> 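There's a structure below that I have some questions on.
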Number of protein chains: 2
Amino acid sequence: MHSPKRMLFLDLVLSVFRLNGLLIAEGDAMTEKLGLTSARWKVIGVIALSNAGLTVPGIARVLGQSRQAVQRITDVMVSDGLLSYQRNPQHKRSVLVTLTEEGKSAYNALREVQDPWAVENTEDIPIDELDVALRLVRRLINKFDK
Amino acid sequence: MHSPKRMLFLDLVLSVFRLNGLLIAEGDAMTEKLGLTSARWKVIGVIALSNAGLTVPGIARVLGQSRQAVQRITDVMVSDGLLSYQRNPQHKRSVLVTLTEEGKSAYNALREVQDPWAVENTEDIPIDELDVALRLVRRLINKFDK
DNA sequence: CAGTTTATGCCAGCATGTTGTCATTTGACT
DNA sequence: AGTCAAATGACAACATGCTGGCATAAACTG
């Protein structure tokens, strides 16, 4: 026992926990001036990538979170003017969440800080390694996301 | 612009968020019968790997969390009999956190479910990929952990 | 079409994490 | 020794996530 594979894997798991925390801290620091937090730019990002808007449970499914958690964030963001709820022709109760003009500006501002950050942090990393890592992470996600 | 590297990286970041959530859910499900939660087995794991016990801020540094968060968890775990506080010869106020017998049993039980889980989830993954991914994740951790 | 299952909104309670503040102890430097 | 900065404990406020329960709307099924 104590196969190197097992040790590698457990080490990877702990490292993912650690990296997750650091990435959230990075994101929060990066978007502080924009008045965003990690929970908010995650939501903005998901909506921006959709065309016609998404329902709250839909956003939750994309992010892999509970609909209740997303609902609370979107409620606050609507109050803050970043999002708005639109009537959903497909569903009487479940409204569509869309970006307001302010929300769109926030998304653009987000990209303006995020892109240089991404470039800066990958300068010295070979693209093959990024590719292998991403595919491995995706593989694990599929394994656990059942 | 839209360099593939940048897209890969941002994709990796989002995937790490997702995987983090799934891993916590996996861990919680796995240790449910043991009466543990993710926050608790993280702490137990760190203490078990140390010899003479650790202080609360020491655990926090290892986990990359705030000492307050760790303090609250350890307080509850002491109440529950998993941990105990020991006088610290090196410090008048900052006590050492150690595993009780019950805590040690919990750690052993944890390993008994964790090891097969690790083996099972790496069966079809080449060791080189695990290695590349782990090194990349560590590299990012070092980059952000300043 | 009627009945059942699933999806959604809403509310509550709780776990886990963060930051901030203040007092006290440690430790390091002159 | 004296001073000052860093570390620690304790407490509070808050953000983010989870689950559970309940009512209603939608979707499915016979």
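Lettering of chains follows the sequences in order, A, B, ..., and the numbering in each one begins at 1. As the structure is a prediction and not an experimental result, all values here were calculated from the model.
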> With nearest nucleotides of DNA chain C determined for A/Arg72 and A/Asp75 from heavy-atom distances, which residue corresponds to the more 5′ nucleotide?
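Whichever sits nearer the 5' end wins; that is A/Asp75.
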> Can we say A/Glu129 and B/Arg135 salt-bridge, meaning some charged N sits less than 4.0 Å from an Asp/Glu carboxylate O?
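Looking at B/Arg135 together with A/Glu129, the answer is no, because their closest N to O distance does not fall below 4.0 Å.
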> Can you check each nucleotide of nucleotides 20-25 of chain D against protein heavy atoms at under 4.0 Å and return B for base, S for sugar-phosphate only, - for none, in 5' to 3' order?
BB--BS
> State whether A/Thr37 places a side-chain N or O below 4.0 Å from either non-bridging phosphate oxygen (OP1 or OP2) of D/dT16.
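The answer is yes; a side-chain N or O of A/Thr37 sits under 4.0 Å from OP1 or OP2.
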> Kindly give the atom pairs (protein nitrogen or oxygen, nucleotide nitrogen or oxygen) under 3.5 Å for nucleotides 3-6 of chain D.
none

> Phosphate oxygens OP1/OP2 of D/dT8: is one of them under 4.0 Å from a side-chain N or O of B/Arg61?
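Yes, such a contact exists.
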> What is the distance from CH2 of A/Trp41 to P of D/dT16, rounded to the nearest Å?
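About 11 Å, once rounded to whole Å.
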> Using a strict threshold of under 4.0 Å (side-chain N to carboxylate O), is an ion pair present between A/Lys143 and B/Asp124?
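Salt bridge: yes.
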> Just N and O in the side chain of A/Ser66: are any of them under 4.0 Å from OP1 or OP2 of D/dC18?
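Checking A/Ser66 against D/dC18: at least one side-chain N or O falls below 4.0 Å of OP1 or OP2.
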> Is the closest basic N to carboxylate O distance between B/Glu123 and A/Lys5 below 4.0 Å?
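Looking at A/Lys5 together with B/Glu123, the answer is no, because their closest N to O distance does not fall below 4.0 Å.
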> C/dA7, OP1 or OP2 - any side-chain N/O from A/Ser94 closer than 4.0 Å?
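For C/dA7, OP1/OP2 do not have a side-chain N/O of A/Ser94 under 4.0 Å.
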> Write down the distance between CD (A/Gln65) and P (C/dT16), rounded to a whole number of angstrom.
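From A/Gln65 CD to C/dT16 P: 17 Å.
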